[in-house]
Protein chains: 2
Amino acid sequence: MTDIYRAIADPIRRQILLMTAQKECTQSEIVSVFTISQPAIIKHLTILKEEGLLEERRSGRYCFYRLNQSVFRNSYSNLQQELGAILEQKLVNLKLFLEKDDDQ
Amino acid sequence: MTDIYRAIADPIRRQILLMTAQKECTQSEIVSVFTISQPAIIKHLTILKEEGLLEERRSGRYCFYRLNQSVFRNSYSNLQQELGAILEQKLVNLKLFLEKDDDQ
DNA sequence: TTTAAATATAACCTTTTGGTTATATGAATA
DNA sequence: TATTCATATAACCAAAAGGTTATATTTAAA
């Protein structure tokens with residue numbers, strides 16, 4: 001649950017996230033944006049729901065989707081921390097160097 | 001090439017990126033950190049190399065790996081723009097609202 | 001010059017991903 | 001009420017992901 005890395009791995013899913021961040025979209029609206037089949041879209045929607053990033057609302061024969069903003073905000077923040085740490089390893093090295101220096 | 005989303009999809013690969021950002025690591029060093037087999041690690045390394053994020057250097061019987069900092073910096077920056085846009089859709093909506101207002 | 005260690009590769013396996021077509025179900029409208 | 005539109009599901013497929021074991025190959029050290 002909430003493996004944002006899994007959710008964002010596919011460009012179609014990233015676009016769905018973007019669309020549903022703007023406004024609630026029906027499934028058929030989403031389907032019409034892409035060239036792949038409706039069942040293929042359902043599978044992408046299912047993965048996004050599994051990871052908690054999409055909320056589903058049923059109204060009559062329509063199925064509305066929208067981004068769960070708070071879940072996205074949270075897991076994206078975690079992602080940034082994790083990947084930011086990779087960028088900042090040089091700083092970690094400096095820190096380690098300074099700490100080692102303290103010991104002497 | 002340089003599909004960072006593919007590269008970071010697996011936690012083992014993210015940890016390899018972190019390790020090799022700190023310092024150049026030999027393959028056996030990397031293997032020893034994890035519980036999976038050496039051929040499994042090679043496959044992860046191959047994916048990271050395919051995406052241009054890892055640089056390989058051969059010295060005798062050792063194979064050294066280190067993060068390609070500039071490629072990582074760049075593709076991470078692209079990722080941030082793409083995912084940042086999802087977060088900031090509310091602002092886009094405001095912009096659209098204001099532009100629509102101009103037309104009237 | 002054996003031997004041992006580091007790396008590479010082959011062959012295989014299972015699960016997941018990403019897609020398809022065909023068809024069923026359910027709700028709204030003509 | 002018959003039809004049409006939106007969604008769901010089943011069955012299938014190919015490729016990618018993520019792993020294994022067994023076995024080369026290459027290089028350094030005993």
Side-chain angles (χ1 to χ4, degrees), chain A residues 1-20 23-68 75 79 82-83, chain B residues 1-20 23-68 75 79 82-83:
Chain A
M1 236 284 215
T2 315
D3 180 356
I4 195 181
Y5 298 99
R6 179 188 181 217
I8 66 177
D10 189 278
I12 290 183
R13 287 199 293 275
R14 294 197 294 274
Q15 207 174 326
I16 292 175
L17 290 178
L18 185 64
M19 289 179 65
T20 57
K23 70 171 202 20
E24 224 182 19
C25 301
T26 67
Q27 187 189 118
S28 50
E29 262 186 292
I30 296 171
V31 168
S32 72
V33 168
F34 302 96
T35 55
I36 62 174
S37 67
Q38 179 244 345
I41 292 291
I42 287 190
K43 288 185 188 179
H44 286 299
L45 293 172
T46 300
I47 287 177
L48 291 172
K49 279 189 292 173
E50 279 174 7
E51 301 310 334
L53 290 169
L54 259 201
E55 284 180 299
E56 197 182 271
R57 179 174 68 86
R58 198 56 187 271
S59 171
R61 60 175 162 172
Y62 294 97
C63 202
F64 288 92
Y65 296 92
R66 79 167 163 204
L67 179 72
N68 186 324
S75 45
L79 174 149
E82 194 171 359
L83 300 190
Chain B
M1 237 282 215
T2 316
D3 180 356
I4 195 182
Y5 298 99
R6 179 189 181 214
I8 66 176
D10 190 279
I12 289 182
R13 287 199 293 275
R14 295 197 293 275
Q15 206 173 328
I16 292 175
L17 290 177
L18 185 64
M19 287 179 66
T20 57
K23 72 172 203 16
E24 223 181 20
C25 301
T26 68
Q27 187 188 118
S28 50
E29 262 185 293
I30 296 171
V31 168
S32 72
V33 168
F34 302 97
T35 55
I36 62 174
S37 68
Q38 178 244 344
I41 291 292
I42 286 190
K43 289 185 187 179
H44 286 299
L45 293 172
T46 299
I47 287 177
L48 291 172
K49 279 189 292 173
E50 279 174 7
E51 300 309 334
L53 291 168
L54 259 201
E55 283 181 299
E56 196 183 273
R57 178 173 69 86
R58 198 58 188 270
S59 171
R61 61 174 161 172
Y62 294 97
C63 201
F64 288 92
Y65 295 91
R66 79 166 163 203
L67 180 72
N68 186 324
S75 45
L79 174 149
E82 194 172 359
L83 300 191

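Quick note on labels: first sequence line is chain A, next is B, and so on, each numbered from 1.
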Requested in this report: At under 4.0 Å between heavy atoms, which parts of nucleotides 21-30 of chain D does protein reach? Answer with one letter per nucleotide, 5' to 3': B base, S sugar-phosphate only, - none.
Outcome: BB----BSS-

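In this structure, the side chains of S75(A) and L53(A) come closer than 4.5 Å at one or more pairs of heavy atoms. Residues L48(A) and T20(A) have side chains not in contact (no heavy-atom distance under 4.5 Å, counting atoms from C-beta outward). Between L79(A) and I8(A), the closest side-chain pair of non-hydrogen atoms falls below 4.5 Å.
Residue D3(B) contributes atom CG, which lies 14 Å from atom C1' of dA17(D) at whole-angstrom precision. One can place CD of E56(B) at 17 Å from P of dA6(C), the figure rounded to the nearest angstrom. Atom pair Y65(A):OH and dA6(D):P shows a separation of 14 Å (rounding to whole Å applied). At whole-Å resolution of the value, CG in L54(B) and P in dT7(C) are 14 Å apart. Separating the CG atom of L45(B) from the C1' atom of dT9(C) is a distance of 15 Å, rounded to the nearest angstrom. The CD1-P distance, from I42(A) to dT17(C), rounds to 17 Å in whole Å. Going from atom CD of Q27(A) over to atom C1' of dA27(C) covers 15 Å, rounded to whole Å. With rounding to whole Å, F64(A) atom CZ is found 11 Å from dA6(D) atom P.
Residues satisfying the salt bridge (charged side-chain N to carboxylate O under 4.0 Å, His left out) criterion with R14(A), sequence neighbours excluded, are E82(B).
Residue R66(B) places its CZ atom among 12 or fewer non-hydrogen atoms of other residues, nucleotides or ligands, all under 6.0 Å distant.
Distance from the side chain of I36(B) is smallest to dT20(D) among dG18(D), dA8(C), dT20(D).
In this structure a side-chain-to-backbone donor-acceptor pair under 3.5 Å is missing from S59(B) to Y62(B).
The phosphate of dA5(C) has neither OP1 nor OP2 within less than 4.0 Å of any side-chain N or O from S28(B). H44(B) has a side-chain polar atom (N or O) that falls below the 4.0 Å cut-off from OP1 or OP2 of dG19(D). Taking side-chain N and O atoms only, R6(B) has a distance below 4.0 Å to OP1 or OP2 of dA17(D).
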Report, one line per pair, each donor and acceptor closer than 3.5 Å where one atom sits in a side chain of residues 35-44 of chain B; sequence neighbours left out.
unit_1, atom_1, unit_2, atom_2, d
S37(B), OG, A40(B), N, 3.4
Q38(B), NE2, Q27(B), OE1, 3.1
H44(B), ND1, R13(B), NH1, 3.1

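Both K43(B) and D10(A) lie near DNA chain C, and the one whose nearest nucleotide falls closer to the 5' end is K43(B).
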